[in-house]
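The next block holds one structure in the form of structure tokens; read it before the comments.
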Amino acid sequence: EAQVTQNPRYLITVTGKKLTVTCSQNMNHEYMSWYRQDPGLGLRQIYYSMNVEVTDKGDVPEGYKVSRKEKRNFPLILESPSPNQTSLYFCASSSPGVSRGTEAFFGQGTRLTVV
Amino acid sequence: SQQGEEDPQALSIQEGENATMNCSYKTSINNLQWYRQNSGRGLVHLILIRSNEREKHSGRLRVTLDTSKKSSSLLITASRAADTASYFCATDSSNTGKLIFGQGTTLQVKP
């Protein structure tokens with residue numbers, strides 16, 4: 001089954017304690033991205049990757065890091081989480097192309113609370 | 001940056017009625033997509049319409065695109081309680097994979 005898998009689904013952590021949210025896709029997609037979703041602000045892109053070893057900042061990258069060592073995995077790293085990073089996070093993947101468009105597949109989300 | 005603006009922000013209808021949601025955007029696009037999100041869950045792709053298309057159908061969904069007005073609409077016909085969800089439009093301007101999402105319309109369908 002084609003899917004994007006995020007872990008964990010729920011996480012409560014304390015300010016400053018480094019954490020990693022994993023994301024894996026089984027569709028051989030080139031493009032992967034992370035979004036955060038906050039009430040009234042919709043989905044905002046944090047970081048994206050167009051292929052292995054190619055990552056770039058999205059619209060709200062401050063306080064986050066990513067890596068893309070393998071095509072299937074795209075972890076999101078919060079080196080020193082702060083309460084303003086409390087949010088619902090989504091990983092997404094797609095295979096861009098003129099003929100295929102860019103339908104994105106989303107993970108089920110990670111609800112992060114930083115206290 | 002948020003390109004899409006959706007209207008209305010919230011919509012409540014009775015089962016069997018039609019629901020129409022609108023999306024406006026600012027820059028030229030390659031395609032526009034609609035997604036559905038059940039409460040707190042991941043987004044699910046519904047339909048994609050390319051910039052050279054004006055209308056597209058998928059089951060009870062009908063999407064229109066007016067590039068001259070930079071707007072799109074999603075019509076759900078004969079709505080069901082199970083259609084209760086948030087609906088987002090997303091625009092692709094670069095064919096690189098980057099999507100810019102609107103803030104969504106929350107639809108409630110009452111049984």
Side-chain angles (χ1 to χ4, degrees), chain A residues 2-7 9-10 23 25 27 29-51 54-61 68 74 87-112, chain B residues 1-10 21 23-53 56 58 61 63 65 72 85-106:
Chain A
Q3 60 185 1
V4 177
T5 304
Q6 288 178 234
N7 280 296
R9 292 287 313 279
Y10 303 91
C23 174
Q25 50 95 3
M27 295 165 280
H29 284 164
E30 295 87 7
Y31 189 92
M32 297 185 75
S33 59
W34 278 100
Y35 295 87
R36 62 177 289 174
Q37 185 177 26
D38 303 288
L41 297 176
L43 279 90
R44 296 178 291 169
Q45 192 182 55
I46 302 169
Y47 266 95
Y48 66 95
S49 168
M50 295 183 70
N51 216 321
V54 180
T55 63
D56 210 344
K57 296 177 181 178
D59 300 314
V60 287
R68 188 93 181 272
F74 190 45
S87 187
L88 180 57
Y89 291 87
F90 290 101
C91 178
S93 74
S94 63
S95 191
V98 174
S99 62
R100 296 167 65 180
T102 54
E103 171 190 347
F105 293 79
F106 281 79
Q108 285 300 299
T110 296
R111 187 168 293 280
L112 172 65
Chain B
S1 60
Q2 295 295 317
Q3 155 131 280
E5 292 188 8
E6 296 185 60
D7 169 55
Q9 289 189 346
M21 290 159 261
C23 170
S24 61
Y25 56 92
K26 297 174 184 173
T27 64
S28 61
I29 61 171
N30 290 318
N31 65 69
L32 183 144
Q33 304 175 37
W34 286 89
Y35 288 81
R36 167 195 167 122
Q37 182 184 33
N38 288 87
S39 181
R41 307 290 297 273
L43 279 74
V44 175
H45 181 264
L46 294 175
I47 196 165
L48 181 154
I49 186 165
R50 292 189 169 80
S51 59
N52 61 351
E53 298 175 313
K56 206 161 184 181
S58 177
L61 304 180
V63 169
L65 179 65
S72 173
S86 293
Y87 293 82
F88 294 86
C89 68
T91 54
D92 167 27
S93 298
S94 63
N95 262 351
T96 61
K98 181 177 175 69
L99 295 176
I100 299 178
F101 285 85
Q103 294 191 18
T105 293
T106 300

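Protein chains get the first letters and strands the later ones, always in sequence-line order, with residue 1 at the start of each.
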(message) Taking side chain to side chain contact (heavy atoms under 4.5 Å, CB included) as the definition, give me every residue that meets it alongside A/Thr55, ordered by chain and number, with sequence neighbours left out.
(response)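 Expected list: A/Ser49, A/Val66, A/Arg68, A/Phe74.
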(message) What part of A/Gln37 gets within 4.5 angstrom of chain B, counting heavy atoms only: side chain, backbone, both, or neither?
(response)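 Interface part for A/Gln37: side chain.
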(message) I'd like to know if B/Lys98 pairs up with A/Asp56 as an ion pair, taking the criterion as any Lys NZ or Arg NE/NH1/NH2 lying under 4.0 Å from an Asp or Glu carboxylate oxygen.
(response)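 No salt bridge links B/Lys98 with A/Asp56.
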Is the closest side-chain heavy-atom distance between [X] and [Y] below 4.5 Å?
X	Y	result
A/Phe106	B/Val44	no
B/Leu99	A/Tyr31	no
A/Phe90	B/Arg41	no

(message) For A/Gln3, is the CD atom crowded, meaning more than 12 foreign heavy atoms sit under 6.0 Å from it?
(response)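 Above 12, so yes.
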(request) Using atom types as modelled and distance alone, determine if a side-chain donor or acceptor of A/Tyr35 lies under 3.5 Å from a backbone N or O of B/Phe101. (result)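 No, because the side chain of A/Tyr35 does not come within donor-acceptor range (under 3.5 Å) of the backbone of B/Phe101.
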(message) Let's go through A/Leu43 and B/Ile100 carefully: what are the C-alpha distance in whole Å and the side-chain angles of both, what is the deciding distance for side chain to side chain contact (heavy atoms under 4.5 Å, CB included) to 0.1 Å, and is it a yes or a no?
(response) CA-CA 8 Å; A/Leu43 279 90; B/Ile100 299 178; over 6 Å; no
(message) Once rounded to the nearest 0.5 Å, what's the spacing between atom CD of A/Glu103 and atom CD1 of B/Ile47?
(response)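 It comes to 11.0 Å.
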(message) Less than 4.5 Å to any heavy atom of chain A: does that hold for the side chain of B/Gln37, its backbone, both, or neither?
(response)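 Contact with chain A is through the side chain of B/Gln37 alone.
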